[in-house]
Amino acid sequence: MTSPGPSASDPAAPTTGSEWWRTAVIYQIYPRSFADSSGDGIGDLPGITSRLAELADLGVDAVWLSPFMTSPQKDAGYDVADYCDVDPLFGTLADADALIAEAHAHGIRVIVDLVPNHSSDQHRWFQEALAAEPGSAARARYLFREGRGENGELPPNNWESVFGGPAWTRITEPDGTPGPWYLHLFDATQPDFDWTNPEVHEEFRRILRFWLDRGVDGFRVDVAHGLVKADGLPDYLPPADSDSMGGGAVAAPYWAQDGVHEIYRDWHRVLAEYDGDRALCAEAWLPTPEKTALWVRPDEMHQAFNFPYLTTGWDAEKLRAVIDESLTAFGDVGAPATWVLSNHDVVRHASRLALTAENPQGHGLGPSSPGKPIPALGLQRARAATLLMLGLPGSAYLYQGEELGLPEVIELDDHVRQDPTWFRTGGERYGRDGCRVPIPWEAGAPAFGFSPSGASWLPQPDEWRDLARDAQRGDETSTLSLYRRMLAVRRAERLGGGTFTWLEAAEGVVAFRTGDVTVIANLGQTGIPLPAGEVLVASAPLAADGTLPADTAVWVRVAE
Ligand code: GLC
């Protein structure tokens, strides 16, 4: 399995170990856009609980919830003011307990989001730091530094925020004089913790235990490549072509520093104190599967998102290469490969796969973006891409709404946009609002069943009426029916844990065998013949002559 390519190779060993997270299909819930029970137009925990039966029916193994902890919502909850409480927007701790219990009753595990790189500026610690003396213990929990220039009027170094603009903000001391600067790799309301401080380590062990004690099955760890910064915070500017989450800029003194791994070894030990195979999943934007695999060595995290896979375009040769590298790199450290096509930070794959211009993840799409996708082509490819993905051994992540075939919402008015990226780049980057629009449940209900009042924090396009869950449920050709079928067959055939063998395939085709199933995806321009056998799932109807059309994938039990 060292050289990717169409030739047959030795079967790779199945993923080892029986822990649930090795093969799980994990569904990302973005709480503010999933289901609103209160009518304020923002989704909440009781809303999620009321819809869990539908996720059980879909067939997912686990849910990952983006942050619902106390937060001023300057970055949609990724700015946490209290890690051990629920924001009133989303409900109460009792609602969180009820959600976890109900999910478990449906056989669905629950992963929560942990945001350890930074807090909100409204966190008690940061407020204490602002009120405290320079050089005090309260300031030492964050990265305060004196400015450069004659009077400290210039930032301590040249780092830029991931969301645009400088990564430093200067404070005013309580007595009114200009003070030092604090580091924020993201928004100015998201000050970075100083992970050289043992108190920060202690606090996060406490937070992990708080949620583990409440019964969560794991954590998705936000910005897991960013916690440790290089000594001396040296100047650095990323290359112009690196994407906005730093994936291409692994030399940056704030990404992928060796010290992060010791933190995860420590957390691994905390999780191991608990029963039930609790898991850590790294959100680490790194350029290759090989680098990503460093986060999932046996004593560190259990999973890491495969962003090199997500960022690979609709190109058979490149997909073969990244699949091959992933299986090798994760397999070499005994970890499952993971696969993901969409999340709350990237253009939805039903749009992204039909873009005709470069669109770095995080930049988003809007009314004046070049290379807008053709919707039907995007959906056709998205269905095929998901069928290909769910055939791969390992664990897969789905993002809410992709099972409905939702596209990116491109035509959002400027005044409704809320992503800090939009504001910090002065509108140059649209940011991520287009993938965060509340999802449709019922074609005939207010806000398509998202909210009883009809309110929706981002407006839903009218066309989403036809994509509502209830409109798709009885329709065998719908994307929802396809997802249900894929998940059922994946489970019955144990695809996530199967062996893997590349099959010989023509240019533009990805083909492999996993367990008893042959997966074939046609990314080329013309139809291709299929081997004789039973078609288990197809992402679109086969041609009348039985060939597999362009932009279509299939799972076949080949006749022996
Ligand atoms: C992660 C999150 C993203 C957030 C950022 C800062 O990349 O996925 O939504 O804005 O971290 O916390």
Side-chain angles (χ1 to χ4, degrees), residues 26 28-33 64-81 83 87 111-123 126 142 159-165 167 183-193 195 204 207 219-227 238 242-249 252 254-256 260 280-286 292 295 303-307 310-311 338 340-348 360-364 397 399-400 417-425 429-437 458:
I26 303 172
Q28 180 189 357
I29 294 179
Y30 194 64
R32 53 172 41 236
S33 302
W64 144 39
L65 282 85
S66 280
F68 51 81
M69 295 79 188
T70 312
S71 161
Q73 305 290 321
K74 299 289 187 209
D75 183 23
Y78 283 95
D79 49 321
V80 181
Y83 290 84
D87 195 279
I111 295 175
V112 294
D113 218 308
L114 184 73
V115 188
N117 180 68
H118 46 265
S119 71
S120 158
D121 62 351
Q122 300 306 307
H123 190 285
F126 194 71
Y142 294 92
W159 294 0
E160 288 174 356
S161 154
V162 171
F163 293 156
L183 178 70
H184 51 87
L185 289 183
F186 294 88
D187 191 54
T189 61
Q190 294 168 295
D192 281 45
F193 286 115
W195 275 91
F204 273 88
I207 295 165
F219 300 88
R220 174 266 190 192
V221 179
D222 191 63
V223 197
H225 55 320
L227 279 51
S242 75
D243 69 36
S244 67
M245 292 287 175
Y254 38 82
W255 298 141
V260 295
L280 295 164
C281 176
E283 189 228 13
W285 284 92
L286 298 157
T292 312
W295 269 250
Q303 292 189 333
F305 288 117
N306 191 341
F307 292 127
L310 183 150
T311 50
T338 65
V340 60
L341 288 166
S342 281
N343 66 33
H344 67 293
D345 289 328
V346 302
V347 171
R348 281 183 177 277
Q361 80 79 28
H363 286 206
Y397 278 80
Y399 175 50
Q400 67 178 40
R417 292 193 179 271
Q418 305 208 11
D419 185 348
T421 310
W422 166 256
F423 298 105
R424 289 186 62 89
T425 61
R429 291 192 220 152
Y430 284 107
R432 303 159 295 172
D433 290 316
C435 64
R436 298 176 173 181
V437 172
L458 285 173

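In each ligand, atom 1 is the first atom listed, and ligand 1 is the first ligand listed.
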Subject >> Donor on one side chain, acceptor on other, Tyr78 and Ser71, under 3.5 Å >> reply: no

Side chain [X], main chain [Y], donor-acceptor under 3.5 Å:
X: Asp433; Y: Arg417; value: no
X: Arg220; Y: Ser66; value: no
X: Thr292; Y: Asn306; value: no

Structural part of [X] in contact with ligand 1, heavy atom criterion under 4.0 angstrom:
X: Arg436; result: side chain
X: His184; result: neither
X: Phe163; result: side chain

Original post:
What residue among Tyr397, Trp295, Trp285 forms ring pair (Phe, Tyr, Trp, His ring centres under 6.0 Å) with Phe307?
Top reply: Trp285

Original post:
Has ligand 1 got any nitrogen or oxygen that is less than 3.5 angstrom from a nitrogen or oxygen of Arg432?
Top reply: yes

Original post:
Which atoms of ligand 1 are found less than 4.0 Å from any heavy atom of His118?
Top reply: 6 (C), 12 (O)

